Amino acid sequence: MIAVAIVLAIVGLFVGAGGGVYYSKRQSGKAEEAAKKALAKAKKEAEETIRKANEEADRRVEETRKDEKKRRDELKAIEERVAKREDALDKKLDELDKRSEGLRKSEDEVEALKNEIRDIRTKQQEKLEKVAKLTKAEAAEKLMAMTERDVKNDLAGLIKKMQDEAKDEAEAKAAAILISTMERMASEVTAERTVTAVKLEDEEMKGRIIGKEGRNIQALQRATGVDILVDETPGMVVLSSFDPIRREVARQTMEMLLKDGRVHPGRIEEVVEKAQKQVQKDVMHAGEDAAREVGIVGVPKEILQLLGELKYRTSYGQNVLKHSVEMAQLAGVLAADLGADVKTVKYAALTHDLGKALSHKVEGKHHHISGEMLRKYGASEEVAHAAEAHHDDMEATTLEALIIRVVDAISGARPGARNISAENFAERMKDLENTATAFEGVEKAYAISAGREVRVFVMPKAIDDLQAIKLARDVANKIESTMQYPGTIKVNVIRETRAIEFAK
């Protein structure tokens, strides 16, 4: 039984082994067939991919060739344009060379012509000197003499013209003279503000003031710009000028000279300088006194200086500093009743006319200049605005500014406060001086004799004697064409040369 089992087991092993080999071979055959199919399929796909890649490569190569051809064509076109430009530049350079050569030849020809003209001019001048028997300097002197004669003829013609006009306008001028006389007699306010009288201890001092051949009085008038009248009033010397500061300087100068007794041109200049310094001190004291009277402290020195100058200024005959102090006091009372800032309105009222001390130096309306000065020297914007807005051309935006405008009208409108004719007179005198100083070479100018004469001092290095004569005519013509005035105005141009040295 065991043997049979063993045999059966062995037979079973062989049968299983044979079946396994058969199954293995069968599976192997299927795998080979599948592999062959996959290989054939892969080969076919690879051939298709290669074909497409070759087609894509051919297409790109063709595009590259087209791009390369296009770029070559563009480069060729650029090269042709560059070549054309080079040809054009070469032509232009050739033309420039030709023109330069032509210009050089022209310059040589012009220089030759200049030399020829110089030679001809020299020969002509020599011939003219031989014919005329005059040198160039002598001819110039004769020309100057002829010019002087022409000027004299022009002056004679001007005098004749003025005489003819006087005959034609005799009635009108007579009426104007009568009116002027009546104004002088009736207007005491104007006389007080344009004339200052200095009392003399004895009549002999008049001779010293006049000096030999009038040298002293001329030096006084030249240094101060004031018209000095000696013989009109017994025991008095009258100083006449529309500018009160000049009048004050002249008054102090006259008093110093009369007290000292030495009167000569050198001493006069020294005393005038001292008087000017003293007036400056008086100006500062006047500003300080005005601020103290109103009750304002801490005012900058620059504003006090300008404020003090208002002591010698008038507005329609009214003293500007007194007007400002009066306004400040009125403004303080009004501000207290209305609940406004008293200090602000007092400060603004006191300084509202500062611009009148600078109106001849700084362009612009005086109230705008006042605002600028207050801002410049540290006043508050409320004070500056209130001072600046006291006229109607600027809107008053604060209560303090409205108060300043009201008290300005009150102070100026009261009876007897202002004299319009005196203000018009002062403005005309200023216009007369400004007309003269507008010419080149003029150092200073003074309007004297109530506007009937303007003295013009010129710089001797800038204006010679002949030009001084012409300047007088030009100033007179400018006055005739730009100003309106009664009678005639004498234009006196003064040219003075000084040489100063010190012996040590």
Side-chain angles (χ1 to χ4, degrees), residues 1-114 363-364 368 371-372 374-385 388-389 393-398 401:
M1 286 296 291
I2 295 170
V4 173
I6 294 171
V7 171
L8 287 173
I10 293 170
V11 171
L13 286 172
F14 280 110
V15 172
V21 170
Y22 173 78
Y23 181 78
S24 170
K25 287 182 179 181
R26 187 174 180 182
Q27 291 296 327
S28 175
K30 289 181 180 181
E32 287 178 2
E33 186 177 353
K36 288 179 181 179
K37 289 180 180 181
L39 181 62
K41 185 178 180 181
K43 185 176 180 181
K44 187 176 181 180
E45 290 177 355
E47 289 176 356
E48 182 66 21
T49 302
I50 291 169
R51 184 182 64 80
K52 289 181 180 180
N54 290 333
E55 291 178 356
E56 180 68 19
D58 293 339
R59 185 178 64 79
R60 292 188 178 182
V61 168
E62 186 65 25
E63 289 179 356
T64 304
R65 287 176 182 174
K66 289 180 180 179
D67 292 340
E68 184 179 0
K69 184 179 180 183
K70 184 178 179 181
R71 291 178 183 176
R72 286 180 180 177
D73 293 340
E74 290 176 353
L75 289 173
K76 186 176 181 182
I78 292 171
E79 289 176 355
E80 290 176 354
R81 287 197 298 270
V82 170
K84 288 180 181 179
R85 288 185 181 179
E86 288 179 353
D87 294 338
L89 287 174
D90 292 338
K91 290 180 181 179
K92 288 183 179 180
L93 289 174
D94 293 338
E95 291 178 359
L96 288 174
D97 292 338
K98 291 179 181 178
R99 288 184 182 179
S100 299
E101 185 65 27
L103 287 173
R104 281 194 292 271
K105 290 180 180 179
S106 299
E107 288 176 357
D108 295 338
E109 292 176 359
V110 169
E111 188 64 29
L113 288 172
K114 285 183 180 179
E363 294 183 357
H368 295 310
E372 291 175 4
L374 288 167
R375 292 186 183 93
K376 179 178 179 180
Y377 296 118
S380 65
E381 180 60 29
E382 291 78 9
V383 173
H385 172 70
E388 189 176 13
D393 64 341
M394 185 172 183
E395 183 181 0
T397 59
T398 63

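Model, not experiment: these values are computed from the prediction.
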A.B. asks: Under 3.5 Å, side-chain donor or acceptor atoms of residues 81-102 against the rest of the protein: list the pairs with distances, not counting sequence neighbours.
C.D. replies:
from : atom 1 : to   : atom 2 : distance (Å)
S100 : OG     : L96  : O      : 2.9
E101 : OE1    : R104 : NH2    : 2.7

A.B. asks: Between CG of L113 and CG of D108, what distance do you get to the nearest 0.5 Å?
C.D. replies: 11.0 Å
A.B. asks: Go through the structure and list residues passing side-chain contact (heavy atoms from CB on, under 4.5 Å) with A396, not counting sequence neighbours.
C.D. replies: A389, A401, L402, R405
A.B. asks: Test of understanding: with side-chain hydrogen bond (donor to acceptor under 3.5 Å, both in side chains), list the residues that count as partners of H385, not counting sequence neighbours.
C.D. replies: T397
A.B. asks: Which residues pass the side-chain contact (heavy atoms from CB on, under 4.5 Å) test with K114, not counting sequence neighbours?
C.D. replies: V110, E111, R118
A.B. asks: Quick one: CD on E388 to NE2 on H368, what's the gap to the nearest 0.5 Å?
C.D. replies: 6.0 Å
A.B. asks: Quick one: NZ on K43 to CD1 on I50, what's the gap to the nearest 0.5 Å?
C.D. replies: 10.5 Å
A.B. asks: About how many Å separate OG1 of T64 and NZ of K69, when rounded to the nearest 0.5 Å?
C.D. replies: 14.5 Å
A.B. asks: Mind running side-chain contact (heavy atoms from CB on, under 4.5 Å) on E48 and K44 for me, showing each step along the way?
C.D. replies: CA-CA 6 Å; E48 182 66 21; K44 187 176 181 180; 5.9 Å; no
A.B. asks: Test: salt bridge (charged side-chain N to carboxylate O under 4.0 Å, His left out). Region: residues 54-68. Which pairs qualify, not counting sequence neighbours?
C.D. replies: R51-E55, E56-R59, E56-R60, R59-E63, E68-R72
A.B. asks: Let me confirm one number: the CG-CD1 distance from D73 to I78, rounded to the nearest 0.5 Å.
C.D. replies: 11.0 Å
